[in-house]
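Worksheet: the structure to be examined is printed underneath.
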Amino acid sequence: MLRKFALALVVLALGAANASAVQINGSMSVGAFGATINDGTNIGNTTSLNVVVPFAGLATGDYTNVTVGTFATASVIDLTNLPAFSITFGTFGTFQAAASVGMLTTQITQQTATNLDIFFVGSYSGLLAFDPTPTSFRVSFTQSGESISFSATLNSPPVPPRVVPEPTTVASAVAGLLFAGFAARRRLAK
């Protein structure tokens with residue numbers, strides 16, 4: 001009987017420890033001194049990019065614990081296997097992508113000849129005094145000639161991607177609104 005009581009206390013203590021998890025809350029910009037295409041002639045037809053010298057930028061909330069200018073590991077972004085992406089910021093932790101977290105999925109939100117936007121969702125871990133936390137990592141590449149610029153932002157908790165609707169979707173919505181307006185006007189005229 002005493003043994004069952006002691007076991008119950010241990011289970012309660014472990015449950016209480018897990019319930020008091022400290023999640024990261026904040027954001028951090030990420031820059032890079034170079035991004036290169038591994039194949040293809042532009043970011044619109046590549047399947048892999050190198051982010052050469054990434055570094056931590058300005059931060060808010062709990063990410064202010066990360067020193068601005070901290071260099072991260074050079075990373076490869078394989079567009080055919082986005083969940084394999086990870087990036088480590090020195091001793092300040094690592095972002096590891098996943099296929100999905102909750103209702104959010106890792107995805108390419110735009111890929112044209114000159115722009116590539118990727119929304120990663122995953123977990124940030126290793127930030128001192130914080131538990132692994134669901135995080136989003138938005139990455140944008142812009143190509144002008146042979147020059148590629150890079151910008152990115154980490155957000156904990158994840159911030160959903162802004163998905164720009166296709167032009168045909170916008171045109172269909174406008175046509176539907178116009179039709180509804182004309183139909184309503186006809187009914188009022190009768």
Side-chain angles (χ1 to χ4, degrees), residues 9-38 43 47-111 115-142 148-163:
L9 284 177
V10 168
V11 169
L12 277 172
L14 288 174
N18 289 337
S20 65
V22 179
Q23 300 283 296
I24 301 167
N25 190 355
S27 67
M28 178 173 66
S29 65
V30 178
F33 289 125
T36 58
I37 299 170
N38 291 335
I43 57 179
T47 60
S48 180
L49 293 127
N50 284 341
V51 180
V52 184
V53 185
F55 57 91
L58 297 177
T60 65
D62 299 323
Y63 284 109
T64 57
N65 294 330
V66 179
T67 305
V68 173
T70 297
F71 290 107
T73 55
S75 323
V76 174
I77 298 176
D78 179 354
L79 301 181
T80 64
N81 187 12
L82 292 174
F85 174 76
S86 71
I87 188 167
T88 299
F89 293 91
T91 60
F92 296 104
T94 299
F95 171 78
Q96 175 61 58
S100 64
V101 172
M103 300 294 289
L104 300 174
T105 59
T106 292
Q107 61 185 291
I108 295 172
T109 56
Q110 181 183 38
Q111 187 172 18
N115 294 303
L116 174 62
D117 295 326
I118 305 169
F119 175 78
F120 292 100
V121 66
S123 179
Y124 196 91
S125 61
L127 190 57
L128 189 61
F130 294 95
D131 291 332
T133 302
T135 301
S136 62
F137 188 55
R138 293 178 131 148
V139 181
S140 293
F141 296 93
T142 302
I148 300 173
S149 63
F150 167 93
S151 65
T153 305
L154 274 164
N155 288 294
S156 299
V159 175
R162 294 179 313 253
V163 179

Atom [atom1] of [X] and atom [atom2] of [Y]: how far apart are they, to the nearest 0.5 Å?
X      : Y      : atom1 : atom2 : answer
Ile118 : Leu82  : CD1   : CG    : 5.5 Å
Ser27  : Phe137 : OG    : CZ    : 12.0 Å
Ser136 : Leu154 : OG    : CG    : 7.5 Å
Asn155 : Thr60  : CG    : OG1   : 7.5 Å
Ile24  : Ser125 : CD1   : OG    : 8.0 Å

Does [Y] offer a backbone N or O that forms a donor-acceptor pair with the side chain of [X] under 3.5 Å?
X      : Y      : value
Asp131 : Gln23  : no
Thr73  : Thr88  : yes
Thr106 : Val121 : yes
Gln96  : Ile87  : no
Gln111 : Ile43  : yes

Please determine whether side chain to side chain contact (heavy atoms under 4.5 Å, CB included) holds for the pair Asn65 and Leu128, giving the CA-CA distance in whole Å, both sets of side-chain angles, and the decisive distance to 0.1 Å.
CA-CA 8 Å; Asn65 294 330; Leu128 189 61; over 6 Å; no
Where [X] and [Y] come nearest, the two heavy atoms and their spacing:
X      : Y      : result
Pro134 : Pro158 : O-CD, 3.3 Å
Val66  : Ala56  : CG1-CB, 3.8 Å
Phe141 : Ala35  : CE2-CB, 3.8 Å
Ser86  : Ser75  : O-OG, 3.7 Å
Val51  : Ala32  : CG1-CB, 3.8 Å
Thr80  : Asp78  : OG1-OD1, 2.5 Å

Among Phe89, Tyr124, Phe95, Phe92, find the one that has a ring pair (Phe, Tyr, Trp, His ring centres under 6.0 Å) with Tyr63.
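Among the candidates, only Tyr124 passes.
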Taking the side chain as everything from C-beta on, heavy atoms only, tell me whether [X] gets closer than 4.5 Å to [Y].
X      : Y      : result
Asn25  : Pro157 : yes
Val139 : Phe150 : yes
Val159 : Arg138 : yes
Val101 : Ser123 : no
Pro161 : Leu104 : yes

Against Ile37, only a single residue in Asn50, Thr47, Leu116, Leu49 fulfils side-chain contact (heavy atoms from CB on, under 4.5 Å); can you say which?
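Checked Asn50, Thr47, Leu116, Leu49 against Ile37; only one passes side-chain contact (heavy atoms from CB on, under 4.5 Å): Leu49.
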Does a sphere of radius 6.0 Å around CG in Leu58 hold more than 12 heavy atoms from other residues, nucleotides or ligands, not counting ones at 6.0 Å or beyond?
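No, CG of Leu58 has 12 or fewer neighbouring heavy atoms, counting only those of other groups under 6.0 Å.
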Go through Asp117 and Ser140 one step at a time and tell me if the side chain to side chain donor-acceptor pair (under 3.5 Å) criterion holds.
CA-CA 4 Å; Asp117 295 326; Ser140 293; 2.8 Å; yes
Would you sort out whether Phe33 and Val52 count as a side chain to side chain contact (heavy atoms under 4.5 Å, CB included), showing the intermediate values?
CA-CA 7 Å; Phe33 289 125; Val52 184; over 6 Å; no
